[in-house]
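Treat the numbers as computed from the prediction; the structure is a model and nothing was measured. Convention: sequence-line order gives letters A, B, ...; per-chain numbering from 1.
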Amino acid sequence: MSEERSLHFLEEIIEADLAAGKHNSILTRFPPEPNGYLHIGHAKSICLNFGLAQKYGGATNLRFDDTNPVTEDTEYVESIKEDIQWLGFSWKQELYASDYFEQLYQFAETLIQKGLAYVDDSTSEEIAAQKGTPYTTGVRNKFSERTVEENLELFRAMRAGKYKDGEKVLRAKIDMASTEMLLRDPIMYRIKHAHHHRTGDQWCIYPMYDFAHGQSDSIENITHSICTLEFIPHRPLYFWFIEQLGIFPTVQYEFARLNLTYTVMSKRKLLQLVNDGHVNGWNDPRMPTISGLRRRGYTPESIRDFCDKVGVARRENLIDLGLLEFCVRNHLNKIAQRRMVVFDPIKVVISNFESKLEWLPTENNPEDENGGVRQVPFTKELWIEAEDFMENPPKKYFRLAPGQMVRLKSAYIITCNEVVKDAEGKVTQLNCTYLPNSKSGEDTSGINVKGTLHWVSAAHAVPVEIREYDRLFTVENPAAEEGDFKDFINPNSLHMISNAYAEPALAQATAVEHFQFVRKGYFKLDEDSTADKLVFNRTVTLKDTWAKTAQK
RNA sequence: UGGGUUAUUGUGUAACGGUAGCACGACAGAUUUUGGUUCUGUUUGUCUAGGUUCGAAUCCUAGUAACCCAACCA
């Protein structure tokens, strides 16, 4: 952390504002709509907003942008709060745009009184048609000529519930000829006779995003309102409302949202995956949601590190999934408990092993001096990984083969003497001998072997279920493909192994631990585990340079 | 046919007129009782064409490409 790092553009802006005395301290906000679960893209925004406030001694509000009751729900509110806290951030105040409904309503009346807003009876289609296109100018209709009194009366009647959904809207009177589509008399309020998750049936008119967000920022005295690039066209409107209302001038700044390869990052698409059953819920370990990543075994530290590494700028980007995986391996390598688990077992019989059982010490984490050791049982019959034996090995294959020696991790060097096959010629058992003087830690054999294998004593093996995950999509950027993004779902994104053999220590696994199954990858206990069967999710594989070498 | 935003190695991101750097990836080597980790080294880039300047990724001019804007979504 000692290396100099240049500031990104938002840090520069904040430092300039602070230096100029524009603000004494900064206040940011994270403004999710409670209509879905948070994903890794939100994590970038969370790290940015909370991180900036932390860095410059300010604070961050959590404000739910709950202006559309038909899509929003408290289920989402709860999940969002949990995810932010899990990521390691705490907000100054928990707020809701709906807290300001009365104030926003008064703001609307103010604008009506200033002759800057009017009630429009047009249909949605008519309004769209009158709005024009980006290339042609829009036209104003006769409703825009209503008097202040008439507008006030109508708007109050809207609030009072005199009209049905869609019958009328309140519009800002700005400029139907503006090259900015959003300035062509944007809708401020629409009628929705819908139950709101917080205000209940108190309201039947709800403000649009543009008439809620900027004013909410202003009411809270947010100094820097940070959002994504697609809101750039909203900025003139954001300022317009603040200026006309004469309220605290929060400034909006935009940055480029995070995109990740082999996944999708829109709540709409993620919702489809959930609803259509392509995944098992928002927290499916294959989802890019915070809850999915958490269940899969990602750590908050690794996600924060990732968000830090991707940077903050204003150009479109598509981040390599490999960077996220690098970050989680990097962290997990330091904290994960090592355990031995055989996924695809083949029997090894040590013919010259005379004692019944020997307990051998092995380190829990070679990266951690204080990680301690545990005992693993060694017996005559063991399981090793089927892929760790080859009858006719290629060059540089450092594993078991007829006549070839390997080290069993933390145990002895063994030699394969005999290959036992069944009627179909399938290898069923390997008869081996061990070198008694090659015991780990007290090896006097003088023999150096290249390969070290993980293994499990057959008599002590604990059957566990393993869930291996792969990328959710087969193409780098499914959202950019022609046609339905769901056509590119990876059919092999989940691979289950129902009977893997684990060393006995793993039976005591808890939900808070992260494991490295030696030579296999990083794993975490899944919530589907029962007393009878433990289930482990593969967070990420280990880097596998042998796989690359073997391919050549 | 309008307006806005953005262009630096395979992917991200710095350089604020003065040696194009960093991370991930890739490649090569060393260490290793995890073919993991760690360490060392190598590799590839300023969208194009002009111009200003002793000197341009940076300033100017003209192009090109990508993305966003025509929900009573946010």
Legend entry - ring-ring contact (aromatic ring centres under 6.0 Å, His included) partners of A:His454, counting only residues at least two apart: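 Testing A:His454 for ring-ring contact (aromatic ring centres under 6.0 Å, His included), a comparison that skips the adjacent residues, returns none.
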Could you verify whether a donor N or O on one side chain and an acceptor N or O on the other, from [X] and [Y], lie under 3.5 Å apart?
X	Y	result
A:Thr362	A:Arg374	no
A:Asn61	A:Glu220	yes
A:Asp443	A:Ser438	no
A:Asn477	A:Tyr262	no
A:Glu367	A:Asn365	no
A:Glu75	A:Tyr37	yes
A:Thr74	A:His197	no
A:Ser98	A:Asp66	yes
A:Asp120	A:Asn141	yes
A:Thr228	A:Glu230	yes
A:Glu325	A:Tyr522	no

Inset, instruction - Check whether any side-chain nitrogen or oxygen of A:Thr67 sits under 4.0 Å from OP1 or OP2 of B:A74, and answer yes or no. - result: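 Checking A:Thr67 against B:A74: at least one side-chain N or O falls below 4.0 Å of OP1 or OP2.
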Inset, instruction - Return no unless some side-chain N or O of A:Lys267 is found under 4.0 Å from OP1 or OP2 of B:C73. - result: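 Negative; the distance criterion is not met.
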Legend entry - A:His213/A:Phe231 aromatic ring centres below 6.0 Å: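 Not under 6.0 Å, so no.
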Legend entry - Ring center gap for A:Tyr189 and A:Tyr206 short of 6.0 angstrom: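 Here the rings of A:Tyr206 and A:Tyr189 have centres that are no less than 6.0 Å from each other.
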How is [X] classified with respect to the nucleic acid when contacts are heavy atoms under 4.0 Å: base, sugar-phosphate, or nothing?
X	answer
A:Ser122	base
A:Thr261	nothing
A:His454	nothing
A:Glu125	nothing
A:Leu318	sugar-phosphate

Legend entry - Contact list for RNA chain B against residues 187-197 of chain A - heavy-atom distance below 4.0 Å: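 Contacts with RNA chain B under 4.0 Å: A:Ile187, A:Arg190, A:Lys192.
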Inset, instruction - Enumerate the residues from residues 155-177 of chain A whose closest heavy atom to RNA chain B is under 4.0 Å, giving them by residue number; use none for an empty result. - result: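 When residues 155-177 of chain A is checked for heavy atoms under 4.0 Å from RNA chain B, the hits, listed by number, are A:Gly166, A:Val169.
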Inset, instruction - Treat primed atoms plus P, OP1 and OP2 as sugar-phosphate and everything else as base, then score nucleotides 2-8 of chain B 5' to 3': B for base contact with protein heavy atoms under 4.0 Å, S for sugar-phosphate contact only, - for none. - result: BSSSSSB
Inset, instruction - Using a 4.0 Å heavy-atom cut-off, write out nucleotides 31-48 of chain B from 5' to 3' as B (base contacted by protein), S (sugar-phosphate only) or - (no contact). - result: --BBBBS-----------
Legend entry - Helical stems, RNA chain B - three or more consecutive Watson-Crick or G-U wobble pairs below 3.5 Å: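 Ordered by first number, the stems with RNA chain B (at least 3 consecutive pairs each) read B:2-7 with B:64-69, B:10-13 with B:21-24, B:26-30 with B:38-42, B:47-51 with B:59-63.
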Legend entry - Whichever of A:Pro207 and A:Glu230 has its nearest RNA chain B nucleotide further upstream toward 5':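 The residue mapped nearer the 5' terminus is A:Glu230.
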Inset, instruction - Return yes when atom CG of A:Asn448 has more than 12 non-hydrogen atoms of other residues, nucleotides or ligands closer than 6.0 Å, and no otherwise. - result: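 12 or below, so no.
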Inset, instruction - Compute both the distance and the angle, then confirm whether A:Arg338 meets the cation-pi test with A:Phe515: under 6.0 Å from the six-membered ring centre, within 45 degrees of the axis. - result: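 No, A:Arg338 and A:Phe515 do not form such a contact.
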When rounded to the nearest Å, what value does the distance between [atom1] atoms of [N] and [M] take?
N	M	atom1	value
B:G17	B:G35	C1'	50 Å
B:U52	B:U19	P	22 Å
B:A23	B:C59	C1'	30 Å

In this structure, how many angstroms lie between the [atom2] atom of [N] and the [atom1] atom of [X], rounded?
X	N	atom1	atom2	value
A:Asp210	B:A71	CG	C1'	11 Å
A:Phe211	B:C73	CZ	C1'	18 Å
A:Asn317	B:C24	CG	C1'	14 Å
A:His331	B:C24	NE2	P	17 Å
A:Asn141	B:C72	CG	C1'	14 Å
A:Glu11	B:U13	CD	P	14 Å
A:Leu183	B:A70	CG	P	13 Å
A:Leu323	B:U11	CG	C1'	9 Å

Legend entry - Anti/syn call for B:A62, syn if |chi| within 90°: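 Anti, which is what one calls it when the glycosidic angle falls more than 90° from 0.
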Inset, instruction - Return the orientation label for the A:Phe378 and A:Phe353 ring planes: parallel under 30°, perpendicular over 60°, tilted otherwise. - result: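 Plane angle over 60°, so perpendicular.
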Inset, instruction - Return the orientation label for the A:Phe343 and A:Phe523 ring planes: parallel under 30°, perpendicular over 60°, tilted otherwise. - result: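 Ring orientation of A:Phe343 relative to A:Phe523: perpendicular.
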